[in-house]
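What's counted below: heavy atoms across the whole structure, side chains too, no hydrogens, waters or symmetry copies. When a ligand or atom number is given, it counts from 1 through the structure's own listing order. Worth saying up front: this structure is predicted, and the values here are computed from it rather than measured.
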Amino acid sequence: MDLFETVADVRPSREAIAEGAVLLRGFARPFEDDLIPALREIVAQAPFRHMTTPGGHQMSVAMTNCGGSGWVTDRSGYRYDGLDPQSGKPWPAMPPSFRTLAEEAAAEAGFNGFAPDACLINRYQPGARMSLHQDRDENDFGAPIVSVSLGLPAIFLFGGLARSDKTRRYRLEHGDIVVWGGPARLAFHGVAPLADSEHALMGRQRINLTFRRAR
Ligand code: MD3
Ligand code: FE
């Protein structure tokens with residue numbers, strides 16, 4: 001390493017988590033100055049809300065969406081919907097910086113031509129968590145999911161194709177991207193309760209963007 005680059009080595013790296021799953025540490029950092037203001041505009045149009053699961057529980061993670069389709073849950077079930085049920089209006093458009101980042105990350109992981117039509121935006125405040133689940137509400141499991149972590153670090157749990165499979169833990173930090181495709185696409189996964197801290201750009205929260213081909 002160059003003598004003059006030892007203080008802050010911010011070059012992105014690539015790490016295989018499983019077959020089909022690639023961790024791109026720091027890949028979103030060059031995009032953060034575009035992502036954060038765009039996120040602010042989305043949330044002004046479609047505020048974060050705590051949705052209710054079909055079982056009647058309120059989620060600790062608050063959510064919103066952008067793009068042509070948005071993931072929603074209520075007492076009647078999980079689905080993708082073109083309209084925000086809270087406003088009755090279409091979800092905010094996917095900003096060009098979001099789309100470009102998702103396409104570039106997917107291509108870096110070997111998925112050329114990824115065309116997301118949905119971006120689910122999760123907000124974790126201290127204590128918020130996501131229990132072990134599979135993402136199965138999308139129409140085409142051949143398309144990967146691209147996840148972008150911003151703000152406070154989280155412990156991400158990655159399991160196998162059965163709920164009872166053992167999980168491995170990964171610390172996901174601000175700017176990290178994971179691309180989940182191939183055999184990893186239907187793996188069980190979750191997020192441990194968020195530890196309280198302060199992030200220089202994002203404050204006391206973690207935001208996760210997940211780009212999907214939903215419909
Ligand atoms: C592995 N979000 O929104 S992102 C979700 O950090 C979700 O907010 C978590 O799980 C979060 O559904 C995890 C990482 C992730 C996303 C989708 C996956 C991992 C995945 C789909 C298949 C396998
Ligand atoms: Fe998920």
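- Ion pairing between a basic and an acidic side chain is recognised when a charged N comes within 4.0 Å of a carboxylate O; Asp135 and Arg212 show such pairing.
- Under the 4.0 Å criterion applied to side-chain N and carboxylate O atoms, Arg79 and Asp74 are assigned as salt-bridge partners.
- You'll find the side chain of Val179 reaches within 4.5 Å of the side chain of Phe111, heavy atoms only.
- When non-hydrogen atoms are compared, ligand 1 lies under 4.0 Å from the backbone of Ala184 (N, CA, C, O) but not from its side chain.
- Of the protein's non-hydrogen atoms, Arg206 NH1, 2.8 Å is the one closest to atom 6 (O) of ligand 1.
- In terms of protein heavy atoms, atom 7 (C) of ligand 1 is closest to Met130 SD, 3.5 Å.
- Distance check, rounded to the nearest 0.5 Å: OG of Ser149 to CZ of Arg206 gives 4.0 Å.
- In this structure, the ring of Tyr80 has its center no less than 6.0 angstrom from the ring center of Trp91.
- Some N or O of Tyr124 is nearer than 3.5 Å to an N or O of ligand 1, by distance alone.
- Electrostatic pairing of Glu138 and Arg213 does not count as a salt bridge here, judged by no charged N lying under 4.0 Å from a carboxylate O.
- Around the Fe ion (ligand 2), the angle linking His189 (NE2) with His133 (NE2) is 90°, rounded to 10 degrees.
- Residue-to-ligand polar distances place His189 within reach of ligand 1: an N/O pair is separated by less than 3.5 Å.
- Scanning all protein heavy atoms for the shortest distance to atom 4 (S) of ligand 1 gives Asn208 OD1, 3.5 Å.
- Contact check for Met59 versus Thr73: side-chain heavy atoms found under the 4.5 Å cut-off.
- Judged by the shortest distance from any of its heavy atoms, Leu120 lies inside the 4.0 Å radius around the atoms of ligand 1.
- Within ligand 1, the atoms closer than 4.0 Å to a non-hydrogen atom of Val191 are 6 (O), 9 (C), 11 (C), numbered from 1 in the order shown.
- What sits closest to atom 13 (C) of ligand 1 on the protein, heavy atoms only, is Phe156 CE1, 3.6 Å.
- Among the candidates Asp137, Thr210, Asn65, the single residue satisfying the side chain to side chain donor-acceptor pair (under 3.5 Å) test with Trp71 is Asp137.
- Here the N, O or S atom of Asp135 that is nearest to the Fe ion (ligand 2) is OD1.
- Between Phe188 and ligand 1 there is no heavy-atom distance shorter than 4.0 Å.
- In this structure, atom 5 (C) of ligand 1 lies nearest to the protein heavy atom Arg212 NH2, 3.3 Å.
- Protein heavy atom closest to atom 3 (O) of ligand 1, with residue, atom name and distance, is Asn122 ND2, 3.0 Å.
- Judged by the shortest distance from any of its heavy atoms, Met63 lies outside the 4.0 Å radius around the atoms of ligand 1.
- In summary, the atoms of ligand 1 found under 4.0 Å from a heavy atom of Ile145, numbered by their order in the structure, are 17 (C), 21 (C).
- Residue Trp180 places no N or O, backbone or side chain, under 3.5 Å from any N or O of ligand 1.
- In summary, Glu108 and Arg14 engage in a salt bridge, as defined by a charged side-chain N under 4.0 Å from a carboxylate O.
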Which pairs would a plain distance check flag for residues 112-130, meaning a side-chain donor or acceptor within less than 3.5 Å of a matching protein atom at least two apart in sequence or in another chain?
{"unit_1": "Asp117", "atom_1": "OD1", "unit_2": "Ala214", "atom_2": "N", "d": "2.6"}
{"unit_1": "Asp117", "atom_1": "OD2", "unit_2": "Arg215", "atom_2": "N", "d": "3.1"}

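- Close approach to Ser147 involves these atoms of ligand 1, each under 4.0 Å from a residue heavy atom: 4 (S), 14 (C).
- From Asp81, atom CG reaches atom OG of Ser69 across 8.0 Å, with rounding to the nearest 0.5 Å.
- Of the heavy atoms in Gln134, none comes closer than 4.0 Å to ligand 1.
- At the top of the distance list for atom 22 (C) of ligand 1, counting protein heavy atoms only, stands Arg185 O, 3.1 Å.
- Annotation: side chain of Pro95 is in contact with side chain of Cys66 (closest heavy-atom distance under 4.5 Å).
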